[in-house]
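Taking it in order: structure first as structure tokens, then the write-up.
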Amino acid sequence: MDQDLLYEAYRRMSRIRQFEETTKGLLLNGELYGAFHTSTGQEASIVGSCLALEESDYMVGTHRSHGHPIGKNANIRGLMAELMGRKDGVNQGKGGSMHLSDFSVGSLGETSIVGSGLPVATGAGLGSKMQQNGKVTLCFFGDGASNEGTFHESLNIASIWDLPVVYLCENNGYGELTEWRKVVASDSIAGRAVAYNMPGEIVDGQDFVAVYEAVTRAVQRARAGEGPSLVETRTYRYENHAVGLLNESYREASEIADWRENKDPLNLFRARAGELGLDTSILDTIDAEIAAEVESAVEYGRQSPEPDPEESFTHVFTEPVEIRR
Ligand SMILES: Cc1ncc(C[n+]2csc(CCOP(=O)(O)OP(=O)(O)O)c2C)c(N)n1
Ligand SMILES: [Mg+2]
């Protein structure tokens with residue numbers, strides 16, 4: 001594989017890891033507040049998927065979406081300021097953790113309504129097809145969201161219309177406190193693709209290369225006008241459903257430790273560095289550069305002013321559009 005791509009993959013995975021760990025620290029010391037759903041543990045799934053896209057392609061996230069725009073190469077200064085509710089945030093401080101969007105990198109946004117991104121991504125796919133702009137949309141959603149009607153309706157219509165969408169299920173084992181196997185009637189989520197006449201593939205979500213290759217195949221198919229695909233990454237979230245929630249009785253501490261110690265996406269990437277032709281000292285340098293970048297993003301957020309109260313309603317409601325008959 002291309003060396004520049006692999007170093008960039010590590011850079012983005014490290015950026016997600018360090019951004020999220022810093023965010024967690026800021027929450028626990030009271031500088032940030034609210035429900036924050038972090039992506040630590042899921043970095044290879046995010047970055048392997050996003051790097052299979054062109055920069056001009058679209059991406060739609062979920063409620064667990066700090067990592068997704070970072071995977072799509074968003075500037076973390078605007079993201080951090082947004083989490084802090086500041087004026088220089090990427091959505092002027094009004095989006096916060098669960099309503100981030102960054103159109104500058106094709107991140108069409110996320111909301112806290114589980115499954116709500118699927119129709120948005122499907123609509124973006126329809127728009128691309130009608131405009132013939134050649135863009136592919138990558139749609140992230142969780143194992144829990146795959147039980148929502150929006151999942152089934154979206155895949156059905158996208159298949160009928162051959163829309164250029166890649167549906168990427170991050171199967172992290174749980175929807176809140178519920179293990180996925182207890183609520184998903186099929187053996188896998190990828191298997192549901194059969195019902196919608198599209199390819200469905202399960203991939204090791206901790207392996208950057210495996211995710212990148214699977215999503216690249218799906219992106220090529222979409223770009224060639226052959227229609228959507230469903231990819232299910234088997235991954236794991238290290239933190240509780242949201243940082244600060246106390247009930248973790250639904251999973252064993254040994255399970256979390258096993259994923260952290262034996263299936264960590266950054267460690268697995270480093271373990272393969274020799275085989276991939278990478279220099280681990282460069283990976284160390286990348287980690288140090290990202291640490292400085294995250295620190296500077298926190299300072300940027302802290303120094304950014306609070307939004308003016310007069311701006312409360314701008315960018316919140318749209319101006320009514322005149323309907324011509
Ligand atoms: C429509 C809807 N139902 C329920 C919830 C409450 N809720 C928030 S996150 C979540 C679990 C989502 O699980 P999954 O799709 O697997 O995503 P993950 O959190 O694991 O990334 C639920 C049930 C919600 N926000 N919206
Ligand atoms: Mg889940």
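Counting begins at 1 with the first residue of the sequence. All ligand and atom numbering here is 1-based and tracks the order in the structure.
- Side-chain atoms of Asp88 never come within 3.5 Å of backbone atoms of Tyr300 as a donor-acceptor pair (strictly under, hydrogens ignored).
- Atoms of ligand 1 found under 4.0 Å from any heavy atom of Arg64 (numbered from 1 in listed order, with element): 18 (P), 19 (O), 21 (O).
- For the residue pair His37/Arg237, the side-chain donor-acceptor check at 3.5 Å is not satisfied.
- Distance from atom 5 (C) of ligand 1 to its nearest protein heavy atom, with residue and atom name: Val114 CG2, 3.9 Å.
- In summary, of the residues considered (Trp259, Tyr250, Tyr238), a ring-ring contact (aromatic ring centres under 6.0 Å, His included) with Tyr174 occurs for Tyr250 alone.
- Classified by interplanar angle (parallel below 30°, tilted 30° to 60°, perpendicular above 60°), the ring pair Phe269/Phe208 is perpendicular.
- Between Gly144 and ligand 1, a contact under 3.5 Å exists for at least one N or O pair.
- Of all the heavy atoms of His63, the ones lying under 4.0 Å from any atom of ligand 1 belong exclusively to the side chain.
- Shortest contact from atom 23 (C) of ligand 1 to any protein heavy atom: Glu176 OE1, 3.7 Å.
- Under the 3.5 Å distance criterion, with hydrogens and angles disregarded, no donor-acceptor pair is assigned to the side chains of Asp264 and Gln206.
- Counting heavy atoms closer than 4.0 Å to ligand 1, residue His241 contributes side-chain atoms (C-beta onward) but none from N, CA, C or O.
- Looking at Phe141 against ligand 1, nothing comes within 4.0 Å, counting heavy atoms.
- Residue contact annotation: Ser112 has a non-hydrogen atom under 4.0 Å from ligand 1.
- When you scan the N, O or S atoms of Asp143 for the one nearest the Mg ion (ligand 2), you land on OD1.
- Judged by distance alone, the side chain of Lys94 and the main-chain N or O of Glu311 form a donor-acceptor pair under 3.5 Å.
- Of the N and O atoms on the side chains of Ser39 and Glu43, not one donor lies less than 3.5 Å from an acceptor on the other residue.
- Residue His37 places no heavy atom under 4.0 Å from ligand 1.
- Taking 4.0 Å as the cut-off, Thr62 does not count as a neighbour of ligand 1 on heavy-atom distance.
- Between Gly71 and Cys50, the closest heavy-atom pair is O-CB, 3.3 Å.
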